[in-house]
Amino acid sequence: MTAVEQRFREFKMPDVGEGLTEAEILKWFVAPGDTVTDGQVVCEVETAKAAVELPIPFDGVVHEVRFDEGTTVDVGTPIISVDTDPGAGEAAPQAAPAAGKPAEEPAAEAEPAEKEGRQANLVGYGAAPASTKRRPRKPLPGPQRSAPAPSAGASAPQEPAPAPARPEAAPAPSPELNGSGRPARPLAKPPVRKLAKDLGIDLEAVTPSGPDGIITREDVHAAAEAVQTARETPVAAPSRAVEGRERRVPVKGVRKATAQAMVNSAFTAPHVTEFVTVDVTRTMKLVADLKQDPAMAGLRVNPLLLVAKALLVAIRRNPDVNATWDEDNQEIVYKDYVNLGIAAATPRGLIVPNIKDAHAKTLPELASALGELVTTAREGKTTPAEMSGGTVTITNVGVFGIDAGTPILNPGESAILAFGAVKLQPWVHKGEVKPRQVTTLALSFDHRLVDGELGSKVLADVAAVLERPKRLITWA
């Protein structure tokens, strides 16, 4: 490693989840010129599972931020470079020499040895250090392009731009292509991407004119003019009938992962859903009493807490429901622990963090864990580890005023319980019709490993506990 490489250290996009391959940069907390210290959070990224803050592992001064906010970056790609010895002078690698620099200090493209193994920098402002490569999606075979050395006395260009008459004998490796022969991800510098975003232009639809398929500002302006012309051209149905009535939002991050997981679950595990309507008047009275109990002071006490406890009691009485189907080994894996998932709606989409070893927690401990889980999820701070390893899930659709539903299993789990809205309804109680607090429960389960009898017993036990919550003691 050279002295310059030791001084200018790169921080690469880490794998912050379990085998995740990419993450979107949501927000930068630093900019070029800022001083950073070991452990300081420099940016927030969103993976397919959660939003995560990334701390940098060394001290120095930010030399370059490689990607704009909103950019999806592959794991292992450098996202920021830091000058770890800012007092050593101006030795930073540059894309081209400044005006008046001596000829013996060659520009980035003046020496073949310096250019070897290097690609034009497609992100950031200016060329990246010599050790930097274009986003390495998949290594592609083929020789590197070599540029002829400039003739004596030739001045180096201020911007690294390839000449039109470039040798064809040794073509540069092309980026990953899609089915149409174009790069899988449009190639453009951040200012061009921002311009396209401001003008409402989809880079996927822009024809690039720059070298190596790079989209230029002129390409974006041309595409914007074409769109404007199309809008102004009379058609059978006036275009203004559609304008402003539709929005297109890219599917990515948590929402993309959730959608794929739900599709996989729905078409892999044969779902069965059963329903039961139950009088929960006594449970609602117990909730009110617990809120006044000193042992529960400062804790979140609500009907969901007792539904969770009731489900844990039902699982203790019917442990075979707490299992998963191992398709690869053709085995049913029975679990002697319960990691209780709670479906949470967040601005980034639905996530299902879980309470580890919920079966071993007392009611106050369960209330504390449930409160922390909900708060963390709403703040967008849930980590991938907190969403992995779940065994059974509860989804509280009642908070939206919904009576019941047919929930889809969280992948890898055997059952999910939907808790509907609690409403005052006429109910036969002790031989008379009286107003009672009533709710509907729905249990979906994987019919490969949970048959109708087992599923019915679990749902009936949950309902029985909620109807007479003293069973939390007698059945414990």
Side-chain angles (χ1 to χ4, degrees), residues 24-25 28 31-32 64-74 77 79 94-99 107-110 115 118-128 132-135 137 140 145 147-148 150 154-168 171-235 239 242-244 246-250 252:
E24 178 190 353
I25 297 177
W28 282 107
E64 182 180 11
V65 171
R66 300 289 177 81
F67 295 93
D68 276 355
E69 295 176 356
T71 305
T72 299
V73 183
D74 289 342
T77 302
I79 59 175
Q94 300 179 11
E109 293 195 1
K115 181 179 177 67
R118 172 177 171 169
Q119 299 284 349
N121 186 27
L122 301 182
V123 294
Y125 301 85
T132 305
K133 299 180 180 179
R134 185 174 298 170
R135 299 175 64 209
R137 287 183 178 272
L140 299 177
R145 174 182 297 155
S155 59
Q158 293 298 317
E159 293 288 341
R166 195 179 283 268
E168 299 296 333
S174 58
E176 183 180 352
L177 304 179
N178 57 24
S180 63
R182 293 185 58 185
R185 180 175 182 272
L187 305 180
K189 292 184 178 181
V192 178
R193 292 185 182 279
K194 184 177 185 304
L195 175 64
K197 181 178 180 181
D198 293 342
L199 296 178
I201 299 300
D202 182 4
L203 289 177
E204 293 281 358
V206 177
T207 301
S209 64
D212 297 327
I214 301 176
I215 297 175
T216 65
R217 296 178 66 89
E218 290 73 21
D219 298 333
V220 174
H221 282 299
E225 292 178 1
V227 170
Q228 184 63 29
T229 301
R231 288 176 177 175
E232 295 174 353
T233 302
V235 292
S239 60
V242 177
E243 279 187 42
E246 295 181 350
R247 292 184 302 114
R248 292 181 178 268
V249 179
K252 54 186 178 181

Q: So which atom in Ile79 and which in Trp28 form the shortest heavy-atom distance, rounded to 0.1 Å?
A: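 Looking at all heavy atoms of both residues, the closest pair is O-CH2, 3.6 Å.
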Q: What are the two closest non-hydrogen atoms of Ile214 and Pro208, and how far apart are they?
A: O-CB, 3.6 Å
Q: Of the non-hydrogen atoms in Ala31 and Val65, which two are nearest, and what is the gap between them?
A: CA-CG2, 4.5 Å
Q: Could you grab the distance from atom OG1 of Thr71 to atom CD of Glu69, nearest 0.5 Å is fine?
A: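 Reported to 0.5 Å precision, the distance equals 9.0 Å.
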Q: Quick check: closest heavy atoms across Val206 and Val220, and the distance to 0.1 Å?
A: CG1-N, 4.4 Å
Q: I need the minimum non-hydrogen distance between Thr216 and Ser209, along with the two atoms involved.
A: OG1-OG, 3.6 Å
Q: Hey, what do you get for CG (Asp68) to NZ (Lys189), rounding to the nearest 0.5 Å?
A: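 One gets 12.5 Å once the value is rounded to the nearest 0.5 Å.
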Q: Could you pull out the closest heavy-atom pair between Ala188 and Leu203, with the gap in Å?
A: CB-CD1, 4.3 Å
